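One-based numbering along the sequence shown. Since this is a predicted model, take the numbers as computed values, not measurements. Remember, it's 1-based here, ligands and their atoms both numbered in the order they're listed.
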Amino acid sequence: MAILVVNNISKHFGGLQALFKVNISVEAGTTHSLIGPNGAGKSTLLNVLTGQIEPNEGSVVFKDRPLLNITPHKINQLGIARVFQTPAIFPEMVLLENVMAAVFASRDGAYKFNLLESRRHAQSVANFAIEILEQVGLQHKIRSEARFLSRGDKRRLELAICLAHKPSLLLLDEPTAGMARHETESTIELLRSISKKNMTIVIVEHDMNVVFALSDTITVLSQGQVIAEGIPDHVRGNPAVIEAYLGKEHA
Ligand SMILES: Nc1ncnc2c1ncn2[C@@H]1O[C@H](COP(=O)(O)OP(=O)(O)OP(=O)(O)O)[C@@H](O)[C@H]1O
Ligand SMILES: [Mg+2]
């Protein structure tokens with residue numbers, strides 16, 4: 001079953017056609033990568049999915065519900081979370097408090113923080129926060145202040161904060177950019193373990209090791225258009241892809 005359907009989306013910035021009649025269907029529970037050369041339109045597509053950018057034509061359907069003309073906040077509430085761009089880390093707070101704040105915000109609504117009500121739920125919120133911190137591999141640091149985390153661990157915390165909202169679709173834009181090899185490897189493992197819990201993941205990534213390690217399906221964009229789509233082995237051998245993208249990297 002498709003959880004996300006991108007129908008005929010086009011977006012231009014002035015004379016520049018960033019996306020042109022893009023169609024993509026993402027199956028629930030899969031990891032679906034978007035790849036393509038710089039400027040292909042990948043981030044623009046994510047911006048359309050999160051409501052940051054309004055397309056010129058087309059529609060996005062998430063869980064059978066059209067998403068156009070609703071705010072980024074509402075889209076987030078419906079269950080789409082964009083990872084590694086959430087600003088919500090509090091450096092002076094310990095990890096447990098950071099994740100608990102996110103759980104409170106998602107349960108009480110970002111604009112209605114009811115302290116009394118929240119106190120009553122504090123224990124269940126703490127338990128859920130600990131569960132999430134375990135899921136991202138930070139259980140041994142729940143009492144550390146966020147500011148002391150390494151860069152890799154900060155990313156884990158950001159992911160934990162996203163998971164606090166119980167999203168059903170995670171969008172990741174270049175999650176391993178700038179990472180050392182061992183951090184990339186552990187990010188692959190982490191995303192794999194999250195995906196196993198039946199999470200749907202859409203990932204934009206330049207590192208082909210990450211893409212081939214994680215993807216069930218790959219969509220290749222070039223100059224705003226889908227030029228190939230399929231399972232990794234199908235995309236790997238596709239001459240149009242090699243020419244547009246892989247060829248450049250491996251030339
Ligand atoms: N807000 C904007 N205003 C004007 N042009 C934009 C805007 N956002 C993106 N573009 C242009 O649209 C095209 C697609 O950009 P986009 O960022 O989606 O590419 P990308 O595939 O994510 O590339 P990269 O791999 O380098 O991140 C580029 O030519 C970019 O310069
Ligand atoms: Mg981009």
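The T44 neighbourhood of ligand 1 comprises atoms 9 (C), 14 (C), 15 (O), 16 (P), 18 (O), with distances under 4.0 Å to a heavy atom of that residue. Close approach of ligand 1 to A40 is summarised as follows: ligand atoms under 4.0 Å from at least one heavy atom of the residue are 19 (O), 20 (P), 21 (O).
Looking only at heavy atoms of the protein, atom 14 (C) of ligand 1 is closest to G39 O, 3.4 Å. Atom 17 (O) of ligand 1 has S43 CB, 3.8 Å as its closest protein atom, hydrogens excluded (heavy atom only). Scanning all protein heavy atoms for the shortest distance to atom 12 (O) of ligand 1 gives L16 CD2, 3.3 Å. Of the protein's non-hydrogen atoms, N38 ND2, 2.9 Å is the one closest to atom 26 (O) of ligand 1. The closest protein non-hydrogen atom to atom 3 (N) of ligand 1 is F13 CD2, 3.4 Å. Scanning the protein heavy atoms around atom 27 (O) of ligand 1, the nearest turns out to be E174 OE2, 3.5 Å.
At a cut-off of 2.8 Å, N38 does not coordinate the Mg ion (ligand 2) through any N, O or S atom.
At a threshold of 4.5 Å between non-hydrogen side-chain atoms, the residues N7 and V61 count as touching. Looking only at side-chain heavy atoms (C-beta outward), N76 and H165 come within less than 4.5 Å of each other. Counting heavy atoms from C-beta on, the side chains of L34 and V220 never come closer than 4.5 Å.
Without hydrogens or angle criteria, E57 side chain to S10 main chain gives no donor-acceptor distance under 3.5 Å.
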(request) Decide yes or no on side chain to side chain donor-acceptor pair (under 3.5 Å) for S106 and K166, but give the supporting numbers first. (result) CA-CA 8 Å; S106 76; K166 291 194 179 167; over 6 Å; no
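Side chain to side chain, H32 and S215 fail the donor-acceptor criterion of an N or O pair below 3.5 Å.
Salt bridge absent: E158 and K154 never bring a charged side-chain N and a carboxylate O closer than 4.0 Å.
In this structure, G41 has a heavy atom closer than 4.0 Å to ligand 1.
Proximity of atom 29 (O) of ligand 1 to the protein is indicated by at least one non-hydrogen atom lying closer than 4.0 angstrom.
Cation-pi geometry between K141 and F148 is not met at under 6.0 angstrom from the ring centre and within 45 degrees of the axis.
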